Participant: 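Structure below; questions to follow.
Being a predicted model, the structure only gives us computed values, none of them experimental.
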Amino acid sequence: MNNQLNLFIDGEWIETNDKLKVLNKYSGETYEEVSKAGEREVNKAIEGAEKAFKQEELPPYKRYEIIKKVSELLQEEKESFTDSIISEAGKPRKQASTEVDRAIQTFEVAAEEAKRISGQGVPVEAAPGSENRMAFTIRVPVGVVGAITPFNFPLNLVAHKIGPALAAGNSVVLKPASATPVTSLKLAQLFAKAGLPKGYLQVIIGSGSEVGKQMQEDERISTYTFTGSAEIGLKLKQNTGLNKLILELGNNSPVIVDKDAAIDKAAETLAVAGFAYAGQTCITPQRIYVHQNVLEEFQEKLLDQMQNLKVGDPFDEDTVVGPLISEEEAKRVENWVDTAVQAGANILTGGKREGAMYEPTVLSQVTKDMNVVSKEIFGPVVTIIPYSDLQSCISEVNESPYGLQGGIFTENLDTAFYAARNVKVGGLMVNDSSQYRVDLMPYGGVKDSGWGKEGPKFSIEEMTEERLIVLNL
């Protein structure tokens, strides 16, 4: 068995008798078998991470060198990682290749940020009686970081967890999604090759209900960083006491197409953003609010642009929409759409399932109580919702319990600024879809979409503690 298919614990590749079959998400056949962690392996991983953090300090420049080296090694291994993402995540080739490029950048930015961690001066001498004192702050690592990552970005979202954690000087226990663990194990190989000291990175495989639960209950983990559903995020909050948390949770992204929008641009952008990777990203446009004056024109152009979307084998260079992560998830999407249709929704295009594949689907005549509007569908389905008054539209947008990212298409600057001030999201994209993200920007939501920010610079702030030093001179 290859090293990459075993657990990475304390610098060693550990094989267990309990195996997890990782499926090729398009063919449904077994892609790889991976060792699963039991209670003993999880405990050993956390123990090793704590020991490494306490016994071997990793100075900032060394962190920079190691993480930068991983970025370079990842560039060299780009095709291998791209193939892994296609196979275990079902992500179409161009999108998988882009994910690798983004992860290369994420590690490069994290490496640079390792050298920029700083505190600030505090003018305590301005207080009466403290004339002879000076003060400043420093930022110190929190200790052991527990990272739990989802299936949809098996490389770049892992990079967003472990890159900043290591850059901050912490050790990391990583539990990738059970559907997509191979890419994380391959990444651990690169860290070992780059010279990361033993114990600073642990990769353990298993279910959230077992491995994840054990991690949550272990007081040796100081900070948790999690991307996933709001339901699991709430459980994590409840189970981790006063530990620090970075939560990137669900969303049902709103995008407004205003009467002053460039309709061609809006239709072209949303035709791809709404369905790429079968809609399986947290910031995929889902609720598209279109002004009545341009509704017919926008719908016609959106449907026309969707004719260019190739659906099928993710290994095909031209495929845009591949399978969902499982047939079970495709059936859930199918059920939500069918239920909406029974309640009065109209299918403008799509609406059919074959195995784990679900056609790119556009729904109109929807109501805000339907699952396809009110919940995160996480599938290749968008809803068209007409409006006539922007203020009322934004009020309806804000009724959602989610607030990760949103977008608005408009050529009117006043409209853009009104939306920026009033749409309750962590990030609002003007003349772009809600799906826009580059890896150095602050990324995070409000309400049930979580709290804390990703983006290496901002994650490092979350993964360090500010310590005050006062000198009595």
Participant: Surrounding CD of Gln238 (heavy atoms of other residues, nucleotides or ligands, distance under 6.0 Å), is the total greater than 12?
Facilitator: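 Yes, CD of Gln238 has more than 12 neighbouring heavy atoms, counting only those of other groups under 6.0 Å.
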Participant: Give a yes or no answer on whether the side chain of Thr240 reaches the backbone of Asn243 with a donor-acceptor pair at less than 3.5 Å.
Facilitator: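 Side chain of Thr240 to backbone of Asn243, a donor-acceptor pair under 3.5 Å: no, none is there.
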Participant: Is there a side-chain contact between Asn24 and Ile86, using heavy atoms and a 4.5 Å cut-off?
Facilitator: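 Sidechains of Ile86 and Asn24: no contact.
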Participant: Do other residues, nucleotides or ligands put more than 12 heavy atoms under 6.0 Å from Glu354 CD?
Facilitator: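 Counting other residues, nucleotides and ligands, CD of Glu354 stays at 12 neighbours or fewer.
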Participant: Taking the basic N atoms (NZ, or NE/NH1/NH2) and the acidic carboxylate oxygens, is any pair closer than 4.0 Å for Lys68 and Glu112?
Facilitator: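 Here Lys68 does not pair with Glu112 in a salt bridge, since their nearest N and O are not under 4.0 Å apart.
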Participant: One pair to check against side-chain contact (heavy atoms from CB on, under 4.5 Å): Arg63 and Tyr200. What are the steps and the verdict?
Facilitator: CA-CA 11 Å; Arg63 302 173 208 162; Tyr200 263 89; over 6 Å; no
Participant: So, taking the atom named NZ in Lys235 and the one named OG in Ser209, what distance separates them when rounded to the nearest 0.5 Å?
Facilitator: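 With rounding to 0.5 Å, NZ (Lys235) is 9.5 Å from OG (Ser209).
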Participant: Whether the Asn252 and Ser400 side chains hold a donor-acceptor pair (N or O, under 3.5 Å, no angle test) is what I'd like checked.
Facilitator: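 Short answer, yes.
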Participant: Would Lys213 and Glu217 pass as an ion pair if we require N to O under 4.0 Å?
Facilitator: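 A salt bridge links Lys213 with Glu217.
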Participant: Atom CD of residue position Glu29 - does it have more than 12 heavy atoms of other residues, nucleotides or ligands inside 6.0 Å?
Facilitator: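 No, not enclosed.
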Participant: Any non-hydrogen side-chain atom of Tyr358 less than 4.5 Å from a side-chain atom of Val381?
Facilitator: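 Yes, side chains in contact.
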Participant: Carefully, step by step, assess Tyr436 and Asn431 under the rule side-chain hydrogen bond (donor to acceptor under 3.5 Å, both in side chains).
Facilitator: CA-CA 10 Å; Tyr436 176 79; Asn431 290 326; over 6 Å; no
Participant: Are the side chains of Val100 and Ile85 in touch, meaning some heavy atoms are under 4.5 Å apart?
Facilitator: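 Sidechains of Ile85 and Val100: in contact.
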Participant: For a 4.5 angstrom cut-off between non-hydrogen side-chain atoms, does Leu7 reach Ile205?
Facilitator: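 A side-chain contact under 4.5 Å exists here.
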Participant: Please report the closest heavy-atom contact between Val172 and Ala165, naming both atoms and the distance.
Facilitator: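 In this case the closest contact between Val172 and Ala165 is CG2-CB, 3.5 Å.
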Participant: Out of the candidates Thr284, Val272, Leu270, Val255, only one should pair with Gln435 under the side chain to side chain contact (heavy atoms under 4.5 Å, CB included) rule; please name it.
Facilitator: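 So, applying the side chain to side chain contact (heavy atoms under 4.5 Å, CB included) to Gln435 and each of Thr284, Val272, Leu270, Val255, only Thr284 qualifies.
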Participant: Can you tell if the side chain of Ile384 reaches within under 4.5 Å of the side chain of Leu295, non-hydrogen atoms only?
Facilitator: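 Yes. Closest side-chain heavy atoms under 4.5 Å.
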Participant: Is Gln75 reaching over with its side chain to a backbone N or O of Ser71, donor-acceptor style, under 3.5 angstrom?
Facilitator: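 Side chain of Gln75 to backbone of Ser71, a donor-acceptor pair under 3.5 Å: no, none is there.
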Participant: Should the ring pair Phe8 and Trp13 be called parallel, tilted or perpendicular, given that the plane angle runs from 0 to 90° and is split at 30 and 60?
Facilitator: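 Ring orientation of Phe8 relative to Trp13: tilted.
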Participant: Do we get Lys244 above Tyr224's six-membered ring, with its NZ or CZ under 6.0 Å from the centre and within 45° of the axis?
Facilitator: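 No, Lys244 does not sit over the ring of Tyr224.
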Participant: State which residue, out of Ile232, Val158, Leu157, fulfils the side chain to side chain contact (heavy atoms under 4.5 Å, CB included) condition with Pro150.
Facilitator: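 Answer after filtering Ile232, Val158, Leu157: Leu157.
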Participant: So, taking the atom named CD in Glu77 and the one named CG in Leu73, what distance separates them when rounded to the nearest 0.5 Å?
Facilitator: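 With rounding to 0.5 Å, CD (Glu77) is 7.5 Å from CG (Leu73).
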Participant: So that I can tick it off, tell me whether Asp101 and Lys78 are bridged by a salt bridge, with the cut-off set at under 4.0 angstrom between side-chain N and carboxylate O.
Facilitator: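 Asp101 and Lys78: salt-bridged.
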Participant: Salt bridge or not for Asp316 and Arg93, using N-O below 4.0 Å?
Facilitator: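 Salt bridge between Asp316 and Arg93, a charged N being under 4.0 Å from a carboxylate O: no.
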Participant: Indicate whether the side chain of Ser395 and that of Ser392 have a donor and an acceptor atom separated by less than 3.5 Å.
Facilitator: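 There is no such pair (donor and acceptor under 3.5 Å, judged by atom type) between the side chains of Ser395 and Ser392.
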Participant: List the atom of Pro380, the atom of Leu324, and the distance in Å for their closest heavy-atom pair.
Facilitator: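 Taking every non-hydrogen atom into account, CD-CD1, 3.9 Å.
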Participant: Is it the case that the side chain of Gln286 and the backbone of Val372 share a donor-acceptor pair, with hydrogens and angles ignored and the cut-off at 3.5 Å?
Facilitator: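 At least one qualifying donor-acceptor pair exists.
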Participant: Taking Asp260 for its side chain and Asn412 for its backbone only, find out whether a donor-acceptor pair lies under 3.5 Å.
Facilitator: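 Side chain of Asp260 to backbone of Asn412: no pair is present.
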Participant: In terms of side-chain heavy atoms, does Tyr387 have a donor or acceptor partner in Asp258 at a distance below 3.5 Å?
Facilitator: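 Yes - a donor-acceptor pair under 3.5 Å links their side chains.
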Participant: Without hydrogens or angle criteria, can the side chains of Asp369 and Thr367 be said to hold a donor-acceptor pair below 3.5 Å?
Facilitator: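 On atom types as modelled, these side chains qualify, holding a pair under 3.5 Å.
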Participant: Using modelled atom types and a 3.5 Å cut-off, is there a donor and acceptor pairing between side-chain atoms of Thr361 and backbone atoms of Glu359?
Facilitator: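 Flag set: sc Thr361 to bb Glu359 pair under 3.5 Å.
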Participant: I need the Gln280 CD to Phe151 CZ distance, nearest 0.5 Å.
Facilitator: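 Result: 4.0 Å between the selected atoms.
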Participant: Determine yes or no for a side-chain-to-main-chain donor-acceptor pair under 3.5 angstrom, with Thr281 supplying the side chain and Tyr277 the backbone.
Facilitator: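 Such a contact is absent between Thr281 side chain and Tyr277 backbone.
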Participant: Compare all side-chain heavy atoms of Lys19 with those of Ser35 and state whether any distance is below 4.5 angstrom.
Facilitator: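 Yes, at least one pair of side-chain atoms sits under 4.5 Å.
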Participant: For the backbone of Asn156 and the side chain of Glu99, can you confirm whether one donor and one acceptor N or O come within less than 3.5 Å of each other?
Facilitator: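 Pair found, side chain donor or acceptor close to backbone of Asn156.
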Participant: Take Leu23 and Tyr31 through the test side-chain contact (heavy atoms from CB on, under 4.5 Å) and record every step on the way to the result.
Facilitator: CA-CA 5 Å; Leu23 301 181; Tyr31 166 56; 6.0 Å; no
Participant: Under the 6.0 Å and 45° cation-pi test, does Lys91 pair with Phe153?
Facilitator: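 The answer is yes, since Lys91 meets both limits relative to Phe153.
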Participant: Taking atom NZ of Lys25 and atom CE of Met357, what is their separation to the nearest 0.5 Å?
Facilitator: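 The CE atom of Met357 is 14.5 Å from NZ of Lys25, to the nearest 0.5 Å.
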Participant: Quick one: salt bridge (charged side-chain N to carboxylate O under 4.0 Å, His left out) pairs with a partner in residues 394-406, sequence neighbours left out?
Facilitator: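 Pairs touching residues 394-406 that pass the test: Lys368-Glu399.
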Participant: Tell me the closest heavy-atom pair linking Val430 and Ala416, and the distance in Å.
Facilitator: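 In this case the closest contact between Val430 and Ala416 is CG1-CB, 3.9 Å.
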Participant: Check whether any side-chain N or O of Lys175 sits under 3.5 Å from a backbone N or O of Val173 as a donor-acceptor pair, and report yes or no.
Facilitator: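 No; judged by distance alone, with no hydrogens or angles, the pair does not exist.
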Participant: Supply the atom-to-atom distance Leu236 CG to Thr225 OG1, rounded to the nearest 0.5 angstrom.
Facilitator: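 One finds 9.5 Å between CG of Leu236 and OG1 of Thr225.
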Participant: Return yes if some donor-acceptor pair links the side-chain N/O of Asn398 with the main-chain N/O of Asn422 below 3.5 Å, else return no.
Facilitator: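 Here the side-chain-to-backbone pair exists.
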Participant: Between Phe107 and Phe191, is there a side-chain heavy-atom distance shorter than 4.5 Å?
Facilitator: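 The answer is yes, as the side chains (C-beta and beyond) meet within the 4.5 Å cut-off.
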Participant: For Pro92 versus Gly322, what's the shortest heavy-atom pair and its separation?
Facilitator: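 Smallest interatomic distance, heavy atoms only, reads CG-N, 3.8 Å.
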Participant: Which pairs count as salt bridge (charged side-chain N to carboxylate O under 4.0 Å, His left out) when at least one residue sits in residues 280-302, sequence neighbours excluded?
Facilitator: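 Residue pairs with at least one partner in residues 280-302: Asp264-Lys301, Glu297-Lys301.
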Participant: Using ring centroids (six-membered ring only for Trp), state whether Tyr289 and Phe409 fall under 6.0 Å.
Facilitator: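 No, ring centres 6.0 Å or more apart.
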Participant: Ignoring hydrogens and geometry beyond distance, is a side-chain donor-acceptor pair present between Ser253 and Asn251 at under 3.5 Å?
Facilitator: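 Yes, side-chain donor-acceptor contact under 3.5 Å.
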Participant: Where do Tyr402 and Ser374 come nearest, in terms of heavy atoms and distance?
Facilitator: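 Taking Tyr402 first and Ser374 second, the nearest heavy atoms are CE1-O, 4.1 Å.
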Participant: Regarding Gln216 and Asn239, do their side chains bring together a donor and an acceptor under 3.5 Å, going by distance alone?
Facilitator: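 Yes, side-chain donor-acceptor contact under 3.5 Å.
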Participant: To check you understand the geometry: which heavy-atom pair defines the closest contact between Leu190 and Val70, and what is its length?
Facilitator: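 Closest heavy-atom pair between Leu190 and Val70: O-CG2, 4.0 Å.
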Participant: Please, which pairs that meet salt bridge (charged side-chain N to carboxylate O under 4.0 Å, His left out) have at least one residue in residues 431-459, sequence neighbours excluded?
Facilitator: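 Qualifying pairs, neighbours excluded: Arg102-Asp439, Lys161-Glu454, Arg437-Glu454.
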Participant: Are Glu334 and Arg353 ion-paired here, with the side-chain N under 4.0 Å from a carboxylate O?
Facilitator: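 Answer for the salt bridge query: yes.
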Participant: Ignoring hydrogens and angles, state whether a donor on the side chain of Gln299 or Ser364 is under 3.5 Å from an acceptor on the partner side chain.
Facilitator: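 Not at all, the side chains of Gln299 and Ser364 share no donor-acceptor pair under 3.5 Å.
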Participant: May I ask you to decide if Gly406's main-chain N or O and Ser434's side chain share a donor-acceptor pair within less than 3.5 Å?
Facilitator: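 Checking the backbone N and O of Gly406 against the side chain of Ser434, no donor-acceptor pair under 3.5 Å is found.
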Participant: Please round to the nearest 0.5 Å and tell me the distance separating atom OG of Ser87 and atom CZ of Phe315.
Facilitator: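 Rounded to the nearest 0.5 Å, the OG-CZ separation comes out at 3.5 Å.
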Participant: Establish, from distance only, whether the side-chain atoms of Thr16 and Glu41 form a donor-acceptor pair under 3.5 Å.
Facilitator: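 There is no such pair (donor and acceptor under 3.5 Å, judged by atom type) between the side chains of Thr16 and Glu41.
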